[in-house]
Participant: 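Quick one: this structure, given as structure tokens, is what I'll be asking you about.
First the proteins, then the strands, lettered A, B, ... as listed; each starts at 1.
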Amino acid sequence: MLSRGRLTIIRDSIMSIPAFDEIIEQNDQTEARLASLNALRELTGNVYPNKFARTMVSGSEDTITAIKAFGPVAKVVEEIAAVVATLAERERPPAEVKDALNERLRAFGIVRISGRLTTPPRGNFVHLTDGISKLQVYCDKKGGVALVKNDGLDTLDAENGWNAWKLLDHGDFIGVEGYLFITNTGELSVHIEKLQFLAKSMLPMPDKMHGIADAEIRQRQRYYDLIGSSLAVEHEGLTTREVFEVRAKTISSLRRFLEDAGYVEVETPMLTPKATGAAAKPFETHHNALDIKLYARIAPELYLKRLVVGGFEKVYELNRNFRNEGISYKHNPEFTMLEFYCAYMDVEGMMDFCEELMRDSVRKAAGGLQVKYEGKEIDFSKFERITMRESILKYAPDAEITDANITELFDEHAEPNLIQPTFIVDFPKSISPLSKADPKDPNIAERFELFINGMEVANGFSELNDPREQYERFVDQMAQREGGDEEAMVLDEDYIRALSYGMPPAAGIGIGIDRLVMLLTNKHSIRDVILFPHMRPEKKDSSDAAETKED
RNA sequence: GGUCCGAUAGCUCAGUCGGUAGAGCAAGUGGCUUUUAACCACUGGGUCGCAGGUUCGAGUCCUGCUCGGAUCACCA
């Protein structure tokens with residue numbers, strides 16, 4: 001570790017490095033916390049110990065959530081809650097009921113749990129959180145509490161448990177050893193016998209009742225937002241933590257469903273020499289050693305179909321794509337897409353499978369097929385199928401539809417009205433360069449898009465596997481590119497070569513995961529379902545003008 | 001890029017007609033010690049986003065700017 005003096009010399013010689021106090025502004029709050037940290041150091045030695053071993057009373061590691069979910073403990077909590085429910089406002093549960101339950105809790109012996117203080121310690125109670133659940137702990141001044149010193153030997157200091165307790169701040173981490181009991185008011189708690197200090201919070205905690213009002217801080221400092229959601233006493237809708245639990249469940253259920261159906265997960269390049277496979281503007285970067293331009297992929301599509309050529313009959317990738325376009329409530333520069341391909345399937349089969357897949361995922365992540373979204377109820381139990389033309393006429397009966405204006409009319413009249421899950425089929429072939437034509441109509445592509453709440457959630461088609469026709473479609477795209485359409489698709493010569501080896505008939509789909517999660521979590525903005533959404537660089541408003549030049 | 005809204009204590013927010021800068025929480029001190037959303041009492045804490053203007057006087061009115069949000073445009 002650098003000495004302070006040397007640190008200052010280094011910092012002063014490199015102008016662009018801010019001082020610690022410039023990053024973490026010092027004020028009365030941080031000074032108070034520093035004072036208590038120093039006082040704790042006197043008592044406990046190291047204030048940043050390396051570990052805390054939790055017990056396995058619940059059958060697995062005793063996180064707070066695990067202890068509270070542990071059957072016999074949950075049963076006791078349920079029983080006391082039933083008793084408390086019959087009591088008047090200030091009335092206490094009868095001692096004999098409480099004592100009987102406490103006897104049952106004592107049977108579990110000693111537990112060791114740890115977590116963050118959800119309030120400043122007030123009196124001799126405080127709640128700890130493991131990020132999801134809270135559990136109260138009780139520090140008995142009269143009975144005596146030992147402090148576990150962080151000297152590497154866990155030396156017990158019988159005198160100073162209470163003194164250390166008084167130095168705890170809102171947000172600190174502690175570990176406690178003790179026994180479970182029910183308090184006079186009927187709450188499950190841990191009676192602390194040994195207290196160990198684990199880590200300090202040097203900054204104030206978010207407002208417990210109101211949360212963090214500033215959306216920018218919520219998104220930029222997601223850790224702070226998540227702390228807030230673990231402290232929240234009451235809240236409407238899902239906490240931030242719960243949103244990302246739903247996201248995780250959505251993704252894991254999609255993976256499980258696909259794997260159960262025989263799909264193999266693969267990873268294809270994120271850095272690609274050509275940005276193709278979708279109509280979008282790419283991010284560019286440069287490979288120094290090779291001295292070539294590379295693009296962050298806009299879609300894995302053409303790589304996945306190369307794998308179908310190679311014999312992966314069912315293949316999927318669930319990962320990030322990057323598009324250098326505008327940011328909006330439904331667009332983030334990097335977003336997560338599930339793409340998969342199934343040999344010998346056509347667009348109809350893919351729509352059927354997509355329905356099953358999404359139903360399974362919605363059921364597992366949201367708990368049912370009816371999902372409340374912004375005052376509407378979205379019903380995933382039935383997916384409508386309607387042609388693009390029909391959908392326009394449904395909402396604009398007098399529209400005069402031509403090949404040239406059909407997508408424009410669709411975007412304007414139909415798309416915003418497609419609230420319930422709806423597959424739009426019969427796309428113009430001209431805007432579907434990777435899609436097979438309808439055998440009955442050469443101007444129509446065998447393609448669908450799934451719309452929910454006016455948002456495109458999925459896009460799939462019967463995959464074009466005739467290499468010569470694919471070549472011609474690319475040439476057509478390149479011509480449009482010459483004509484100024486920056487998003488027209490780029491010819492991929494190696495992909496033509498791959499198709500020339502023969503690709504079986506196949507259907508493929510891309511599903512926008514972020515948008516699906518928005519629907520399942522009742523979030524209006526894609527930024528609320530991405531942990532660290534793209535933000536403008538943080539501006540330091542104060543002092544230090546003329547810094548941060550990128551040489 | 002256009003339009004609208006916002007920025008006041010560490011956090012969440014009030015601030016009337018332009019007249020001494022406010023509350024709750026958080027923090028400090030003392031009390032209490034089986035409490036219950038945030039116990040009781042007292043204390044400290046402000047570049048009112050930045051710059052300029054009008055005015056005897058600006059958190060408040062005007063202009064410009066910065067940052068953010070919403071929305072439109074853009075984005076099959």
Participant: Rounded to the nearest angstrom, tell me the gap between atom NZ in A:Lys98 and atom P in B:rU34.
Facilitator: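 Roughly 11 Å, once rounded to whole Å.
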Participant: If we take the C1' atom in both B:rG49 and B:rG59, what is their distance in whole Å?
Facilitator: 12 Å
Participant: Would you list the pairs meeting side-chain hydrogen bond (donor to acceptor under 3.5 Å, both in side chains) in which at least one residue belongs to residues 178-195 of chain A, sequence neighbours left out?
Facilitator: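 Of all non-adjacent pairs touching residues 178-195 of chain A, those that pass side-chain hydrogen bond (donor to acceptor under 3.5 Å, both in side chains) are A:Lys98-A:Asn184, A:His127-A:Glu187, A:Gln136-A:Ser189, A:Glu177-A:Lys194, A:Tyr179-A:His191, A:Thr183-A:Thr185.
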Participant: Is there a side-chain contact between A:Trp165 and A:Ile192, using heavy atoms and a 4.5 Å cut-off?
Facilitator: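 Yes; the side chains approach each other to less than 4.5 Å.
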Participant: Sticking with atom C1', work out how far B:rC32 lies from B:rC39, rounded to a whole angstrom.
Facilitator: 8 Å
Participant: Taking the nucleotide of RNA chain B with the nearest heavy atom to each, does A:Pro206 or A:His170 sit closer to the 5' end?
Facilitator: A:Pro206
Participant: Tell me: NE2 of A:His534 to P of B:rG68, nearest whole Å?
Facilitator: 10 Å
Participant: Using a cut-off of 4.0 Å on non-hydrogen atoms, how would the nucleic acid contact of A:Arg92 be classed: base, sugar-phosphate, or nothing?
Facilitator: sugar-phosphate
Participant: With sequence neighbours left out, what residues match A:Phe427 under ring pair (Phe, Tyr, Trp, His ring centres under 6.0 Å)?
Facilitator: none
Participant: Salt bridge between A:Asp476 and A:Arg473, side-chain N to carboxylate O under 4.0 Å?
Facilitator: no
Participant: For a side-chain hydrogen bond (donor to acceptor under 3.5 Å, both in side chains) check, start with the C-alpha distance between A:Thr402 and A:Asn405, then their side-chain angles and the critical distance, and finish with the verdict.
Facilitator: CA-CA 5 Å; A:Thr402 66; A:Asn405 72 6; 3.2 Å; yes
Participant: Provide the full list of side-chain hydrogen bond (donor to acceptor under 3.5 Å, both in side chains) pairs with a residue in residues 77-87 of chain A, sequence neighbours left out, each pair given once.
Facilitator: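 Checked against side-chain hydrogen bond (donor to acceptor under 3.5 Å, both in side chains) - neighbours excluded - the pairs reaching residues 77-87 of chain A are A:Lys75-A:Glu79, A:Glu79-A:Arg104.
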Participant: Please report, rounded to the nearest Å, how far the C1' atom of B:rU12 is from the CZ atom of A:Arg218.
Facilitator: 13 Å
Participant: Report, one pair per line, the protein and nucleotides 73-76 of chain B atoms (nitrogen or oxygen only) whose separation is under 3.5 Å.
Facilitator:
| unit_1 | atom_1 | unit_2 | atom_2 | d |
| --- | --- | --- | --- | --- |
| B:rC75 | O3' | A:Glu487 | OE1 | 2.9 |
| B:rC75 | O2' | A:Glu325 | OE1 | 2.6 |
| B:rC75 | O2 | A:His331 | ND1 | 3.2 |
| B:rC75 | O2 | A:His331 | NE2 | 2.2 |
| B:rA76 | OP1 | A:Ala279 | O | 2.9 |
| B:rA76 | OP1 | A:Glu487 | OE1 | 3.4 |
| B:rA76 | OP2 | A:Glu487 | OE1 | 2.2 |
| B:rA76 | O2' | A:Glu449 | OE1 | 3.4 |
| B:rA76 | O2' | A:Glu449 | OE2 | 3.2 |
| B:rA76 | N7 | A:Ile431 | O | 3.0 |
| B:rA76 | N7 | A:Arg447 | NH1 | 3.0 |
| B:rA76 | N7 | A:Arg447 | NH2 | 3.1 |
| B:rA76 | N6 | A:Ile431 | O | 3.3 |
| B:rA76 | N1 | A:Ala279 | N | 3.4 |

Participant: For a 4.5 angstrom cut-off between non-hydrogen side-chain atoms, does A:Leu418 reach A:Ile452?
Facilitator: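 Heavy-atom side-chain distance check fails, nothing below 4.5 Å.
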Participant: Reading RNA chain B from 5' onward, which residue's closest nucleotide shows up sooner: A:Asn124 or A:Asp169?
Facilitator: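 The residue closer to the strand's 5' end, by nearest nucleotide, is A:Asp169.
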Participant: Determine the Euclidean distance between corresponding C1' atoms of B:rC62 and B:rA58; express it in Å to zero decimal places.
Facilitator: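 It comes out at 11 Å once rounded to the nearest Å.
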Participant: Rounding to an integer number of angstrom, what distance separates B:rU66 and B:rC40 when you compare their C1' atoms?
Facilitator: 45 Å
Participant: What nitrogen or oxygen pairs link the protein and nucleotides 2-10 of chain B at under 3.5 Å?
Facilitator:
none

Participant: Distance check, rounded to the nearest 0.5 Å: A:Thr422 atom OG1 versus A:Ile386 atom CD1?
Facilitator: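 A:Thr422 OG1 to A:Ile386 CD1: 7.5 Å, rounded to 0.5 Å.
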Participant: If I take atom NZ from residue A:Lys166 and atom CG from residue A:Leu40, how far apart are they, to the nearest 0.5 angstrom?
Facilitator: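 Going from the NZ atom of A:Lys166 to the CG atom of A:Leu40 covers 12.0 Å.
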Participant: Can you tell me the distance, in whole Å, between the CD atom of A:Glu31 and the C1' atom of B:rA26?
Facilitator: 15 Å
Participant: Please give, in whole Å, the distance from B:rA37 P to A:Leu231 CG?
Facilitator: 16 Å
Participant: Short of 4.0 Å, heavy atom to strand atom, which residues of residues 171-186 of chain A count as contacting RNA chain B?
Facilitator: A:Phe181, A:Thr183, A:Asn184, A:Thr185
Participant: Assess the residue pair A:Thr240 and A:Asp225 against the criterion (side-chain hydrogen bond (donor to acceptor under 3.5 Å, both in side chains)); give the C-alpha distance rounded to whole Å, side-chain angles, the decisive distance to 0.1 Å, and a yes or no.
Facilitator: CA-CA 7 Å; A:Thr240 301; A:Asp225 182 23; 3.0 Å; yes
Participant: Below 3.5 Å is the cut-off: list the nitrogen or oxygen pairs between protein and nucleotides 70-72 of chain B, distance only.
Facilitator:
| unit_1 | atom_1 | unit_2 | atom_2 | d |
| --- | --- | --- | --- | --- |
| B:rU71 | OP1 | A:His524 | NE2 | 2.8 |

Participant: Provide the distance between the two P atoms, one in B:rG1 and one in B:rA37, to the nearest whole Å.
Facilitator: 49 Å
Participant: Is there side-chain contact between A:Phe451 and A:Ser391, with at least one heavy-atom pair below 4.5 Å?
Facilitator: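 No - every pair of side-chain heavy atoms lies 4.5 Å or more apart.
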Participant: Taking atom types as they are modelled, would you say the side chain of A:Gln136 forms a donor-acceptor pair with the base of B:rU35 within the 3.5 Å cutoff?
Facilitator: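 Result: at least one qualifying N/O pair found.
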Participant: Among all residues two or more places apart in sequence or in another chain, which pass the salt bridge (charged side-chain N to carboxylate O under 4.0 Å, His left out) test with A:Asp169?
Facilitator: A:Lys200
Participant: Could you walk me through whether A:Phe383 and A:Phe448 pass the ring pair (Phe, Tyr, Trp, His ring centres under 6.0 Å) check?
Facilitator: CA-CA 12 Å; A:Phe383 287 52; A:Phe448 66 85; over 10 Å; no
Participant: If we take the C1' atom in both B:rA14 and B:rA76, what is their distance in whole Å?
Facilitator: 48 Å
Participant: Both distances under 3.5 Å, Watson-Crick or G-U wobble: on that basis, could you give the dot-bracket string for RNA chain B, with [ ] for crossing pairs and | for other-strand partners?
Facilitator: (((((((..((((.....[..)))).(((((.......))))).....(((((..]....))))))))))))....
Participant: What distance, rounded to whole Å, do you find between the two C1' atoms, one in B:rC25 and one in B:rG57?
Facilitator: 34 Å
Participant: Using a heavy-atom cut-off of under 4.0 Å over every strand shown, decide if A:Trp162 touches base, sugar-phosphate, or nothing.
Facilitator: base
Participant: Can you tell me the distance, in whole Å, between the NZ atom of A:Lys200 and the P atom of B:rA27?
Facilitator: 10 Å
Participant: For the pair made of NZ in A:Lys142 and C1' in B:rC32, what is the distance, rounded to whole Å?
Facilitator: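 Atom NZ in A:Lys142 sits about 10 Å away from atom C1' in B:rC32.
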Participant: Which whole number of Å gives the distance between the P atom of B:rG46 and that of B:rC50?
Facilitator: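 My reading of the P atoms in B:rG46 and B:rC50 gives 15 Å.
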Participant: Please name all residues satisfying side-chain hydrogen bond (donor to acceptor under 3.5 Å, both in side chains) with A:Lys68, sequence neighbours left out, ordered by chain then number.
Facilitator: none
Participant: Counting only heavy atoms not in A:Arg320 (residues, nucleotides, ligands), do more than 12 fall under 6.0 Å from its CZ?
Facilitator: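 No.
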Participant: Output every pair passing ring pair (Phe, Tyr, Trp, His ring centres under 6.0 Å) with a member in residues 80-117 of chain A, not counting sequence neighbours, ordered by first then second residue.
Facilitator: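 Pairs touching residues 80-117 of chain A that pass the test: A:Phe70-A:Phe108.
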Participant: A:Thr30: what forms a side-chain hydrogen bond (donor to acceptor under 3.5 Å, both in side chains) with it, not counting sequence neighbours?
Facilitator: A:Gln26
Participant: Would you mind reading off the distance between A:His191 atom NE2 and B:rU35 atom C1', rounded to a whole angstrom?
Facilitator: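 It works out to 14 Å between those atoms.
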Participant: Does A:Glu355 pair with A:Arg385 as a salt bridge, N-O distance under 4.0 Å?
Facilitator: yes
